[in-house]
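All of these numbers come straight from a predicted model, not from anything done at the bench. Order of the sequence lines fixes the chain letters, A, B, ..., with proteins taken first and strands second; residue numbering starts at 1 for each chain. Both backbone and side-chain heavy atoms feed into the values below; hydrogens, waters and symmetry mates do not.
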Amino acid sequence: MLDQKWIRGDLDDLASRLRKKGFELDAAYLSSAEQERKAAQTQMEALQSERNRSSKAIGQAKAKGEAIEPLLAEVATLGEQLEAEKAKFEAVASKLQGYLQTIPNLPDEDVPDGTDEADNALLRTWGEPKAFQFEPLDHVDLTAAGGAMDFDVAAKLSQSRFVVLRGELAQLQRALIQFMLDVHVEEHGYEEVYVPFIVNSDSLFGTGQLPKFAEDQFRIDAERELYLIPTAEVPVTNIYRDAIINGGELPLKMVCHSPCFRSEAGSYGRDTRGMIRQHQFEKVELVQLVRPEDSDNAHEALTQHAEAILQKLELPYRVVNLCGGDLGFSAAKTYDLEVWLPSQQTYREISSCSNFRDFQARRMQARMRSGNGKPELLHTLNGSGVAVGRALVAILENYQEADGQVAVPSVLQPYLGGKTQLLMRD
RNA sequence: GGAGAGAUGGCUGAGUGGUCGAAAGCGCUCCCCUGCUAAGGGAGUAUACGUUGAUAGCGUAUCGAGGGUUCGAAUCCCUCUCUCUCCGCCA
């Protein structure tokens, strides 16, 4: 959520900054609703003040043994008036609040203009796509013969967009998770955390998935408003919802492996083949809570931490600075890491590293106290470090050999009992 | 699943209808005192919103959440959530 002071400031400036993100601010509505709110609140509070004064007088009169009937008569109609004003205020305030909650975060100055991924700015490329002496298969064809990646059985068990992994592929996925966690804990100084995979609506509101993106979530209990997590970002960041952290304890750096559940509403035709876009996938997530002045540096560092994983796996990738139109709702700035997929002859997203500044912190009231000062909102950041399912796909496709075997990246070999090759077919 | 207890400020913990935003202690901040030992004394110490030039004043709200009774609710009533204890069950 944006600072409410913004809506009392220069609305034109605010509107033009939001336009970069493809959001059309209804400035006229905002300013009239804000005026209404102010008037209603002032009137309501004046009546409350009057009531408090009268009640106090009645109390004092009673204590002295004086008659209170005349005083009671004075306030006879006050209750009704107050109730009416209160109702008016609450109606106006909740309407205004509802609108404010749908306004996205402001993009940073250095976010490129643009409407979609074609306008993202390339920052750097790492590694060279491998030149194959044969026609490389995609991960589906590569694993088809051995049956280690089974979409049909998964559809029988559940529905489409799920997968069953067997044998060495299941082990490879587990190895990847273990490897990523170890690197972030041991080399990058993150604290490993384990969290609930089912969260309440307050948590989803805190990180910005609700109320606007309810259709993307798997709600598993309507009555209690419980949801499967779309990413570990939600439970991990919300650990500090409604908390005031001692400034000396920042930065907080946490890493968490979790399954992620996404309904993928509105993406029916996209990436229907293979493991690229699933309803359930594994991810290792990096989350940082930092002092506001540190968030720019933290964003660069966190991105480097995600990049380190791809570098150690020796997977070619590039880094792009998302343009305004491609930025997520809560993000002020996002770097995507895109890994090379030989079968598609293109780079595909494998990690998204974002600085949310105080946007999420305001929604969840995550604050810090430095010295004797007042509590102030901290900054939150997160990034995939990295998406496990897509990393698995990238390894299969980039490490495949002419005979249908897949070489094991050397950093993963210790996690696979020293194995150097995976046999994809018998 | 059964029975019971509870939820108050950074923490501990009083407060059962009226000058209560809330005693006291701890912690923290500032000041003072004291050359003799982790001492003593004083002052201050919640958050949000509104008003304002103002982190000054003033107003409003907040004692788990929501609703109700009342001129007036931390205190009474209802619903919900969570925590704890005992029993049962169970990875």
Side-chain angles (χ1 to χ4, degrees), chain A residues 1-9 30-101 194-206 210 219-227 235 238-250 252 292 358-359 361-378:
Chain A
M1 226 152 59
L2 299 177
D3 191 334
Q4 298 222 23
K5 290 186 177 72
W6 279 100
I7 66 176
R8 291 194 285 274
L30 247 193
S31 63
S32 79
E34 167 63 6
Q35 262 177 19
E36 260 185 82
R37 194 221 91 236
K38 194 183 282 187
Q41 184 168 342
T42 309
Q43 276 190 54
M44 176 188 73
E45 289 185 354
L47 285 171
Q48 283 174 327
S49 173
E50 197 177 326
R51 182 203 59 195
N52 289 347
R53 216 177 316 119
S54 306
S55 296
K56 202 172 264 187
I58 290 170
Q60 286 168 339
K62 215 172 171 186
K64 289 186 211 153
E66 295 169 1
I68 59 170
E69 283 73 18
L71 292 167
L72 285 177
E74 261 179 53
V75 294
T77 60
L78 204 62
E80 281 173 39
Q81 286 178 51
L82 218 174
E83 214 163 301
E85 281 302 324
K86 206 168 174 181
K88 198 167 125 194
F89 166 75
E90 271 161 16
V92 175
S94 81
K95 223 172 75 183
L96 181 63
Q97 201 63 14
Y99 184 64
L100 287 174
Q101 287 170 4
Y194 172 81
V195 293
F197 302 150
I198 295 174
V199 295
N200 57 34
S201 53
D202 286 342
S203 295
L204 283 163
F205 177 82
L210 290 182
R219 186 167 73 172
I220 59 165
D221 188 325
E223 194 193 340
R224 285 181 289 185
E225 282 261 18
L226 295 173
Y227 301 79
N238 274 282
I239 289 173
Y240 294 95
R241 167 152 51 85
D242 292 321
I244 299 174
I245 302 168
N246 194 323
E249 290 171 35
L250 297 177
L252 290 165
D358 62 12
F359 189 83
R362 183 172 297 106
R363 290 170 87 93
M364 58 183 188
Q365 289 299 298
R367 294 174 292 176
M368 51 162 274
R369 195 193 298 275
S370 42
N372 296 318
K374 293 223 166 219
E376 61 176 306
L377 296 171
L378 44 77

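- In this structure the side chain of Gln48(A) reaches within 4.5 angstrom of the side chain of Leu82(A), judged on heavy atoms.
- Of the side-chain N and O atoms in Thr42(A), none sit less than 4.0 angstrom from OP1 or OP2 of rG50(B).
- In terms of modelled atom types and a separation under 3.5 Å, the side chain of Gln365(A) and the main chain of Arg362(A) share a donor-acceptor contact.
- Although no hydrogens or angles enter the test, the distance criterion places a donor-acceptor pair under 3.5 Å between the side chain of Asn238(A) and the main chain of Ser203(A).
- Protein atom CE of Met364(A) is 17 Å distant from nucleotide atom P of rA48(B), rounded to whole Å.
- rC58(B) and rG21(B) have their P atoms separated by 14 Å, given to the nearest Å.
- rU55(B) and rC63(B) have their P atoms separated by 26 Å, given to the nearest Å.
- At the heavy-atom level, Arg224(A) lies nowhere under 4.0 Å from the strands shown.
- Comparing the same atom, P, in rC30(B) and in rG72(B) gives a spacing of 45 Å after rounding to whole Å.
- One can place CZ of Arg51(A) at 14 Å from P of rG59(B), the figure rounded to the nearest angstrom.
- Base pairing analysis places rU51(B) opposite rG57(B); the two distances defining the Watson-Crick or G-U wobble pair are each below 3.5 Å.
- The residue Arg37(A) sits close only to the backbone: its heavy atoms come under 4.0 Å of sugar-phosphate atoms, none of a base.
- Rounded to an integer number of Å, the gap from Leu82(A) CG to rU70(B) C1' is 14 Å.
- Residue-level contact check: Ser49(A) touches the backbone only, with heavy atoms under 4.0 Å from sugar-phosphate atoms and none from bases.
- To the nearest angstrom, C1' of rU62(B) lies 13 Å from CE of Met44(A).
- Pairing for rC33(B) is absent, judged as Watson-Crick or G-U wobble with the two contacts each under 3.5 Å.
- Without hydrogens or angle criteria, Ser54(A) side chain to Glu50(A) main chain gives a donor-acceptor distance under 3.5 Å.
- Under the Watson-Crick or G-U wobble criterion, with both distances below 3.5 Å, rA46(B) is paired with rU62(B).
- The P atoms of rU37(B) and rC49(B) are separated by 49 Å, rounded to the nearest whole Å.
- At whole-Å resolution of the value, CD1 in Ile244(A) and P in rA46(B) are 12 Å apart.
- When both distances must be under 3.5 Å, the Watson-Crick or G-U wobble mate of rA91(B) does not exist.
- rU16(B) and rA23(B) have their P atoms separated by 15 Å, with the value rounded to a whole Å.
- Computed from coordinates, the Leu72(A) CG to rU70(B) P distance equals 12 Å when rounded to whole Å.
- Remark: rU69(B) base-pairs with no nucleotide; criterion is Watson-Crick or G-U wobble with both hydrogen-bond distances under 3.5 Å.
- For the pair Gln97(A) CD and rA61(B) C1', the computed distance is 15 Å after rounding to whole Å.
- The base-pairing partner of rG10(B), taking Watson-Crick or G-U wobble contacts with both distances under 3.5 Å, is rC26(B).
- Here Lys38(A) reaches the OP1 or OP2 of rU51(B): one of its side-chain N or O atoms lies under 4.0 Å away.
- Contact check for Phe205(A) versus Gln101(A): side-chain heavy atoms found under the 4.5 Å cut-off.
- Ranked by how close their nearest RNA chain B nucleotide is to the 5' end, Lys56(A) and Asp3(A) are led by Lys56(A).
- Taking atom P in both rA61(B) and rA22(B), the straight-line distance is 13 Å, to the nearest Å.
- Rounded to an integer number of Å, the gap from Asn246(A) CG to rG27(B) C1' is 13 Å.
- Pairing of rA5(B), defined by two Watson-Crick or G-U wobble distances under 3.5 Å, is identified with rU83(B).
- Residue-to-nucleotide contacts include a donor-acceptor pair under 3.5 Å from the side chain of Glu45(A) to the base of rG59(B).
- Comparing Glu34(A) and Arg367(A), the nucleotide of RNA chain B nearest to each residue sits closer to the 5' end for Arg367(A).
- With a 6.0 Å radius and a threshold of 12 heavy atoms from other residues, nucleotides or ligands, Glu83(A) has its CD atom at or below the threshold.
- Backbone-only contact: Gln48(A) has heavy atoms under 4.0 Å from sugar-phosphate atoms and none from a base.
- Nucleotide rU19(B) is matched to nothing when pairs are restricted to Watson-Crick or G-U wobble geometry with both distances under 3.5 angstrom.
- The phosphate of rA61(B) has OP1 or OP2 within less than 4.0 Å of a side-chain N or O from Asn52(A).
- A donor-acceptor distance shorter than 3.5 angstrom exists from the side chain of Asp221(A) to the backbone of Arg224(A), with no hydrogens or angles considered.
- rA39(B) and rG50(B) have their C1' atoms separated by 47 Å, with the value rounded to a whole Å.
- A donor-acceptor pair is defined here as one N or O able to donate and one able to accept, closer than 3.5 Å; no such pair exists between the side chain of Asn52(A) and the backbone of Ser55(A).
- Rounded to whole Å, the separation between the P atoms of rC11(B) and rC28(B) comes to 15 Å.
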